[in-house]
Number of protein chains: 2
Amino acid sequence: MRATTIRLRRDASQTDRAILGMRDLVLRGEFKAGDRLTELALVETLGLSRTPIRAALQQLTQEGLLEAVQPTGYLVRGFSESEIFDAIEVRGTIEGLAARMAAERGVSQPTLRDMRDCLAKIDEVLTRSNLGDGQLARFGALNEQFHHLLLHASGSEMVKHAMSRVVTLPFASPNAFVLVQAKIPGSLEILKIAQAQHHDIVDALEERSSARAEPLLREHARNARKNLELVLRNTDALRHLVGAPLIRRRGGT
Amino acid sequence: MRATTIRLRRDASQTDRAILGMRDLVLRGEFKAGDRLTELALVETLGLSRTPIRAALQQLTQEGLLEAVQPTGYLVRGFSESEIFDAIEVRGTIEGLAARMAAERGVSQPTLRDMRDCLAKIDEVLTRSNLGDGQLARFGALNEQFHHLLLHASGSEMVKHAMSRVVTLPFASPNAFVLVQAKIPGSLEILKIAQAQHHDIVDALEERSSARAEPLLREHARNARKNLELVLRNTDALRHLVGAPLIRRRGGT
DNA sequence: ATCCGGCACGTTGTATACATTTTTGCCATA
DNA sequence: TATGGCAAAAATGTATACAACGTGCCGGAT
């Protein structure tokens with residue numbers, strides 16, 4: 001390799017760096033949706049050899065960020081608003097399945113306790129009258145934890161696996177729109193509603209009501225659809241949304 | 001390369017051959033669940049170089065057939081009965097989502113006609129009093145076509161994409177247990193019930209009843225669960241099930 | 001006998017040379 | 001001007017050499 005090689009690495013392999021670097025480039029919009037990615041260009045940009053680049057291209061394609069085209073090559077994917085809506089709907093459906101299974105099969109007391117604890121911490125965050133970035137980040141971490149606990153409660157590796165695949169798409173994760181809420185007026189109300197749903201969900205699991213739990217999760221996911229709409233109509237918030245450059249707007253970028 | 005190189009290829013790349021070859025080896029049970037796969041061993045077995053082997057390992061891992069382990073390496077995955085059940089449940093859930101979307105958004109007349117035509121052909125196959133392998137293969141092809149038409153009717157690329165990921169797992173596809181039905185007594189009845197559900201599904205789509213269409217597809221997928229149980233209790237059928245060596249039985253292979 | 005260091009080997013990670021395929025752009029021809 | 005085809009350039013596909021990393025074995029010291 002050249003003398004330009006960065007030797008700062010702690011433990012990351014070249015392949016990991018290629019994946020992280022390329023994901024970053026794509027999500028930040030360094031490449032536009034529809035752009036063709038060539039290995040050699042990425043070799044130059046990232047300072048890595050073709051082998052890890054190829055592995056990363058394959059990885060990001062399976063994540064859904066890139067698209068393999070025939071006969072050969074990769075494109076940066078773009079996402080229409082309706083595709084993002086559908087991705088969120090798929091996520092809500094899988095989470096609904098997780099909730100149904102959890103309710104049907106029963107959730108262990110320790111797991112229920114973990115969920116209640118998690119919600120208590122979120123309640124505490126939401127008592128503050130206005131949220132700074134730090135509080136929002138804490139909400140995001142706890143929110144993610146709650147959704148992980150739900151998957152754990154489902155007791156199904158297959159459901160976890162299905163969820164992990166759905167969530168690799170930008171905008172599809174339960175946390176996708178949390179961090180930009182600071183830029184949206186009324187965000188506290190939105191988060192309080194989400195948290196009320198969280199409580200209802202645990203109630204449903206506790207009473208083993210799959211018929212309540214499943215639609216609750218579907219509806220819970222639809223918050224993200226509303227948030228997407230808000231963000232799309234708010235230029236300042238859009239600037240802070242990770243992956244925003246990949247969104248294809250009707251009649252424009 | 002060695003003189004042993006097979007030059008029969010039409011258009012398959014080495015990478016394609018590695019993927020097909022490895023998938024075949026795994027599904028046929030040449031490697032047992034839990035076996036570690038080393039690149040060099042596969043190089044010897046398949047007569048390819050490490051580069052396409054590595055790509056194939058990555059691909060089969062994302063398909064769910066292999067499992068990447070730390071610090072480094074790949075294992076052949078095994079599937080418990082309950083994992084297969086859950087995989088089928090996930091598939092039914094995604095198909096249910098597809099059906100709901102199709103009903104809500106409305107299915108075009110040409111697509112409805114295609115579905116009706118497809119079902120008419122299946123009806124014809126099922127009028128024969130007993131099914132040979134050829135008839136069963138035809139049923140399988142038409143069944144697959146029907147399920148593809150449903151995805152098409154959903155009008156959602158995201159749902160198609162989610163389904164394509166679910167279906168890569170062995171046993172999860174709508175056709176997984178069709179081809180072994182020849183070995184199971186009463187298979188004609190099973191297929192007739194499935195076909196009755198097909199008709200109900202199209203009826204529901206036609207009247208745009210998402211509330212009917214979604215649960216119909218979930219229940220339809222559960223046929224596969226029943227078939228799995230039948231096959232697991234029938235040694236002869238099990239021998240003809242693709243991927244059977246990967247099934248972990250309680251207290252045995 | 002046990003613990004520990006270090007060497008040898010097997011495996012994966014990475015870079016790169018070479019082969020093959022695909023794209024591109026030019027030029028001749030209609 | 002449109003078109004066909006050919007050659008050059010660029011890209012990907014493939015093989016392989018070498019590096020880095022573990023892991024286990026063996027021998028020596030306590």
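Residue numbers begin at 1 in each chain, while the letters A, B, ... track the order of the sequences.
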Between C1' on D:dT14 and CZ on B:Arg17, what's the gap in Å once rounded to a whole number?
11 Å
In terms of the angle between their ring planes, are B:Phe171 and B:Phe177 parallel, tilted or perpendicular, with boundaries placed at 30° and 60°?
parallel
Nearest-angstrom distance from the residue atom CG of B:Leu75 to P of C:dT12
11 Å
Rounded to the nearest angstrom, tell me the gap between atom CD in A:Gln14 and atom P in D:dC21.
11 Å
Run A:Arg105 and B:Asp86 through salt bridge (Lys or Arg N to Asp or Glu O under 4.0 Å) and show every step you take.
CA-CA 13 Å; A:Arg105 300 174 182 186; B:Asp86 286 358; 2.8 Å; yes
Report yes or no: does A:Gln58 contribute a side-chain atom to a donor-acceptor pair with the main-chain N or O of B:Ala55 at less than 3.5 Å?
yes
Please determine if B:Glu89 and B:Arg222 form a salt bridge, counting it only when a charged side-chain N lies under 4.0 Å from a carboxylate O.
yes
By ring-ring contact (aromatic ring centres under 6.0 Å, His included), A:Phe85 pairs with (sequence neighbours left out) none
Give the rounded distance in Å between these two atoms: CG of B:Leu48 and C1' of D:dT16.
14 Å
Distance check needed: C:dA15 C1' versus A:Leu46 CG, whole Å only.
15 Å
Using the 3.5 Å cut-off, write out each protein N or O paired with an N or O of nucleotides 7-11 of chain C and the distance between them.
| unit_1 | atom_1 | unit_2 | atom_2 | d |
| --- | --- | --- | --- | --- |
| C:dT11 | O3' | B:Arg36 | NH2 | 3.4 |

When you measure from every atom of DNA chain C, which of residues 50-66 of chain A have a heavy atom less than 4.0 Å away?
A:Arg50, A:Thr51, A:Pro52
For B:Val26 and B:Leu66, run side-chain contact (heavy atoms from CB on, under 4.5 Å): C-alpha distance rounded to whole Å, both residues' side-chain angles, the deciding distance at 0.1 Å, then the answer.
CA-CA 9 Å; B:Val26 170; B:Leu66 305 181; 4.2 Å; yes
Let's go through B:Val76 and B:Leu65 carefully: what are the C-alpha distance in whole Å and the side-chain angles of both, what is the deciding distance for side-chain contact (heavy atoms from CB on, under 4.5 Å) to 0.1 Å, and is it a yes or a no?
CA-CA 7 Å; B:Val76 177; B:Leu65 228 46; over 6 Å; no
B:Thr72 side-chain proximity, nearest of C:dT22, C:dT12, D:dT14:
C:dT12
When the distance from CG of B:Leu42 to C1' of C:dT12 is rounded to whole Å, what number comes out?
13 Å
Within the 6.0 Å centroid threshold, strictly below: A:His220 and A:His147
yes
